[in-house]
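Just so you know, these numbers come straight off a predicted model, no measurement behind them. Protein chains get the first letters and strands the later ones, always in sequence-line order, with residue 1 at the start of each.
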Amino acid sequence: MSKLGTFTIHTTDGKARRASLVTARGVLETPVFMPVGTAATVKSLAPWELHDAGAQIILGNTYHLYLRPGDERIARLGGLHQFMDWDKPILTDSGGFQVFSLAALRQIEPEGVSFQSHIDGSRHFFSPEKVISIQNNLGSDIMMVLDECVPYGADYDYTAKSLKLTTEWAKRSRIAYPKGSGNQLMFGIVQGGFYADLRQQSAEELKEIDFDGFALGGLSVGESTEEMYEMLATSAPFLPEHMPRYLMGVGKPEDILEGVANGIDMFDCVLPTRNARNGTLYTWQGKVNIKRAEFADDDSPLDPNCTCPCCQRFSRAYLRHLYIGRELLSYRLNTIHNVHFFLDLMTRTRQAIEQGEFNTFKTEMATRLSAPYER
RNA sequence: GGAGGGGUUCCCGAGUGGCCAAAGGGAACAGACUGUAAAUCUGUCGUCGUAUGACUUCGGAGGUUCAAAUCCUCCCCCCUCCA
């Protein structure tokens with residue numbers, strides 16, 4: 001039995017790595033995609049459906065769970081895993097992204113962030129220590145440190161100042177929960193906006209801290225794909241090679257593959273679940289908007305090459321009907337499919353790396369998946 | 001038979017002389033969504049490939065007026081109540 005936090009690289013193919021990470025609730029086979037379950041639920045899915053789709057780990061959110069139902073309540077109820085009946089690993093995000101996305105409701109101070117609840121407007125305060133304490137209560141397997149996700153377009157001065165704070169908070173987070181003091185891992189988050197030197201500085205400073213993994217934050221915040229890929233390519237090499245690397249909030253299938261090509265091991269994104277609820281479904285022939293009129297009489301499965309229960313049993317015509325009618329089953333079936341698709345993509349990615357064919361795989365997939373659906 | 005109400009662009013429904021191709025909603029047709037304030041948002045929605053442009057629309061036919069979905073006359077149809 002490997003030691004908690006052990007990260008083993010099995011194969012490399014270019015910069016792409018096929019590795020594994022030991023967590024308290026099992027070993028993650030990477031590259032891995034983590035479906036997002038912000039409020040202790042991957043929206044519309046039951047845990048067994050997630051399990052059947054092949055999820056190894058899911059994401060939860062500190063900010064949301066603190067506000068509702070409350071981290072102390074979750075602790076009393078046996079922790080997040082027991083609460084939601086998910087016994088595989090959970091990574092909890094710190095609320096750093098909400099500092100960014102709920103900008104109108106918050107104020108950043110050296111000590112932490114004061115903010116108003118998006119639910120009822122009540123006032124709260126997050127310090128790095130508080131956020132770790134919340135994640136202790138939740139009992140996640142991987143904790144993220146509180147950071148400031150800098151908005152796209154922030155100038156150099158702002159970004160540099162923000163980074164200083166983020167680094168300071170990272171140090172305080174590790175002090176609040178020293179390595180080995182429990183069975184939770186802790187990842188630091190590289191910021192620095194779209195300035196290469198700040199990215200490098202951020203990574204260097206975080207390396208001094210004894211984290212179990214490193215995340216790239218502050219990407220996919222409104223920049224162009226080209227800019228994101230460029231920042232990804234410049235930032236990834238700054239991260240320690242023999243540690244887990246996590247690209248936060250990314251992304252589209254082709255973005256994930258780009259991440260893998262740059263040596264990223266972990267990904268999360270709301271896209272498969274949100275898009276499912278909004279009628280966009282992923283197939284190996286490209287994206288499909290299931291509401292389109294052309295599917296009204298289409299008796300074929302959504303994707304004949306997909307093994308998910310949705311594609312095994314239902315026609316496009318039925319899926320379209322459910323979506324158009326806003327039937328509850330629509331959200332569930334669509335989400336089952338999209339999550340299955342993303343996880344399947346990762347399985348194929350791992351296989352491709354093992355076989356030393358990742359580049360070919362990526363090139364083929366990227367062209368196919370980014371293309372709009374053609375019959 | 002009598003009294004009253006009403007027919008508006010695919011549907012519901014506002015509009016009662018010019019600012020009306022006509023509010024609003026729905027439907028329809030497209031698009032977006034990247035560490036989830038999202039089962040959300042955006043666009044199009046009479047015709048003319050585009051248009052500050054032209055043309056055709058507000059039950060039907062006539063009429064008044066510089067100008068009519070809006071006023072007048074007749075006709076057709078629908079609803080309610082009384083007989």
Open item on the list: Tell me whether the NZ or CZ atom of A:Arg25 lies within the 45° cone about the ring axis of A:Trp86 and under 6.0 Å from its centre.
Closed with: no
- [ ] Take atom CZ of A:Phe342 and atom P of B:C33, then tell me their distance rounded to the nearest Å.
- [x] 12 Å
TODO: Quick one: which residue pairs count as a side-chain hydrogen bond (donor to acceptor under 3.5 Å, both in side chains) with a foot in residues 235-252 of chain A, not counting sequence neighbours?
DONE: A:Tyr246-A:Asp268
Task: Between B:C71 and B:C58 - P atom distance, rounded Å - done: 15 Å
Task: Any-strand Watson-Crick or G-U partner of B:U50, both distances under 3.5 Å - done: none
Task: Length of the line joining A:Leu105:CG and B:A37:P, which is rounded to integer Å - done: 11 Å
Open item on the list: Taking 4.0 Å as the cut-off, does a side-chain nitrogen or oxygen of A:Gln98 come that near to OP1 or OP2 on B:G35?
Closed with: no
Open item on the list: When the P atoms of B:C33 and B:C20 are compared, how many Å lie between them, rounded to an integer?
Closed with: 36 Å
- [ ] Give the rounded distance in Å between these two atoms: CG of A:Leu65 and C1' of B:U36.
- [x] 12 Å
TODO: Quick one: label A:Arg106 by what it contacts on the DNA or RNA (base, sugar-phosphate, nothing), any heavy atom closer than 4.0 Å.
DONE: nothing
Task: Side-chain N,O (A:Ser220) to OP1/OP2 (B:U34) below 4.0 Å - done: no
TODO: Just call it for A:Leu219: base, sugar-phosphate, or nothing, with non-hydrogen atoms closer than 4.0 Å on any strand.
DONE: nothing
- [ ] Starting at atom CZ of A:Phe341, determine the distance to atom P of B:U34, rounded to an integer number of angstrom.
- [x] 18 Å
TODO: Round to the nearest Å and state the distance from A:Ile119 atom CD1 to B:A38 atom P.
DONE: 9 Å
Task: Distance flag, aromatic centroids of A:Phe267 and A:Phe342, threshold under 6.0 Å - done: no
- [ ] Mind calculating the distance between NE2 (A:His118) and P (B:A37) to the nearest angstrom?
- [x] 7 Å
- [ ] Give me the ring orientation class for A:Phe115 and A:Tyr66: parallel if the planes are under 30° apart, tilted from 30 to 60°, perpendicular past 60°.
- [x] perpendicular
Task: Value in whole Å for how far the P atom of B:C33 lies from CG of A:Asn334 - done: 17 Å
TODO: Would you mind reading off the distance between A:Asn289 atom CG and B:C41 atom P, rounded to a whole angstrom?
DONE: 16 Å
- [ ] For A:Thr280, answer base if it contacts any base atom (sugar-phosphate contacts may also be present), sugar-phosphate if it contacts only those atoms, and nothing otherwise; contact means non-hydrogen atoms under 4.0 Å.
- [x] base
In a table with atom names and distances, give each donor-acceptor pair under 3.5 Å that connects a side chain of residues 319-328 of chain A to protein atoms at least two apart or in another chain.
from: A:Arg320; atom 1: NE; to: A:Lys291; atom 2: O; distance (Å): 3.0
from: A:Arg320; atom 1: NE; to: A:Arg292; atom 2: O; distance (Å): 2.8
from: A:Arg320; atom 1: NH2; to: A:Lys291; atom 2: O; distance (Å): 3.2
from: A:Tyr323; atom 1: OH; to: A:Asn278; atom 2: O; distance (Å): 3.1

Open item on the list: Taking donor-acceptor contacts at under 3.5 Å, does the side chain of A:Lys287 reach the base of B:G31?
Closed with: no
TODO: Give one of base, sugar-phosphate or nothing for A:Asn61, where a contact means two heavy atoms less than 4.0 Å apart.
DONE: sugar-phosphate
TODO: Decide if the gap between the ring center of A:Tyr156 and the ring center of A:Tyr195 is smaller than 6.0 angstrom.
DONE: yes
Task: Within residues 257-279 of chain A, residues whose heavy atoms come under 4.0 Å of RNA chain B - done: A:Asp268, A:Cys269, A:Val270, A:Leu271, A:Thr273, A:Arg274, A:Asn275, A:Arg277, A:Asn278
TODO: Identify the nucleotide, in any strand shown, that forms a Watson-Crick or G-U wobble pair with B:C81, with both distances under 3.5 Å; if there is none, say none.
DONE: B:G2
